[in-house]
Amino acid sequence: MPAPHNPFKAALKAGETTIGCWLSLGDPLSTEIAGTAGFEWLLIDSEHTPYDITRIRLQLMALQASDSHAAVRVPTGETWILKQVLDAGAQTVLVPMVETAEQAAQLVHDVRYPPTGGRGVGYSGARCSRFGAITDYGPTADDQICLLIQVENRAGIANLDEILAVDGIDGVFIGPADLSADMGHMGQLTHPEVQATIKDAFERIEAAGKAPGVLTTTPEFTQDCLDWGARFVATGLDLLILAKSLRTLAATWVPKGSKGG
């Protein structure tokens, strides 16, 4: 029995555009609920959230029965965390703050098994192989692992062409919040210089045969990114969606001047 098919990777390879959502609440229940919403993919974010591999694993389990593909953003591009996340069952990983081709090449090495990579061979007792039930996991896993990297500052943009030349990268995510801050336009995602940089990056990523991606939080920016060619787009963040909905509900029904208003 081979490693499970990765529909997200297949969609990117086929040139399709996929729509997802960001998960930052970190609770298996909220993750399971998100898995019923109908998104094509959901990203479990462990970079800006206070949870470890145990909580990541619980969220992967919560999405086991969902039609939404589960991806994981690791907190840093270190070998040890990639090994743990892949063994926990993730097939798509997103790595933040990649600035050089050397970093990108190391990440490709880390997510592949020997002899072409350096991923530790411990799958027989791990969730990724269903604890040994997927007998051919080792020989077939590499083809189903999807590696996404984040380019989100001026250094990464300056080295983008060299990064794109690295074989084994499936997609490049442009981080608009960090990029805008590094460009001196903190929080100004609609600044003309920021938008021009994002659009140019998307075009270069696509021309290199890889998929451009982004996280958006407004319908206007979502549509702009789709028009510019983004092919894996997170259209919101669960934490912000919850906060906005609660505040709107309170503002609608709580009397002005009350303790809750």
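- Among all heavy-atom pairs drawn from Ile174 and Ala201, the shortest one is CD1-CB, 3.8 Å.
- Counting only residues at least two apart or in different chains, salt bridge (charged side-chain N to carboxylate O under 4.0 Å, His left out) contacts with residues 133-144 are absent.
- Between Leu148 and Cys146, the closest side-chain pair of non-hydrogen atoms falls below 4.5 Å.
- More than 12 heavy-atom neighbours from other residues, nucleotides or ligands sit within 6.0 angstrom of CG on Asp200.
- Between Thr31 and Leu25, every side-chain heavy-atom pair lies at or beyond the 4.5 Å cut-off.
- Lys210 has its side chain out of reach of Asp170: every pair of non-hydrogen atoms, C-beta onward, lies at least 4.5 Å apart.
- Taking each heavy atom of Ala104 and Ile149 in turn, the nearest pair found is CB-CD1, 4.4 Å.
- For the pair Val172 and Leu164, the minimum side-chain heavy-atom distance is below 4.5 Å.
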Audit row: Arg204, Asp161, salt bridge (Lys or Arg N to Asp or Glu O under 4.0 Å) steps and yes/no: CA-CA 8 Å; Arg204 290 157 68 188; Asp161 292 336; 3.2 Å; yes

Criterion side chain to side chain donor-acceptor pair (under 3.5 Å) on Glu99 and Asn153, from CA distance to verdict: CA-CA 8 Å; Glu99 299 180 350; Asn153 58 24; 2.6 Å; yes

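- Inter-residue side-chain proximity for Pro176 and Val194 is flagged as unmet; no heavy-atom pair is nearer than 4.5 Å.
- Looking at Ile241 and Cys21, their side chains come closer than 4.5 Å, going by heavy atoms from C-beta outward.
- Ion pair Glu203/Lys199 flagged as a salt bridge, since at least one NZ, NE, NH1 or NH2 atom sits closer than 4.0 Å to an Asp/Glu carboxylate oxygen.
- Taken together through direct or relayed side-chain contacts under 4.5 Å among Ile, Leu, Val, Met, Phe, Trp and Tyr, Leu63 and Phe8 form parts of separate hydrophobic clusters.
- A distance below 6.0 Å separates the ring centres of Trp22 and Phe173.
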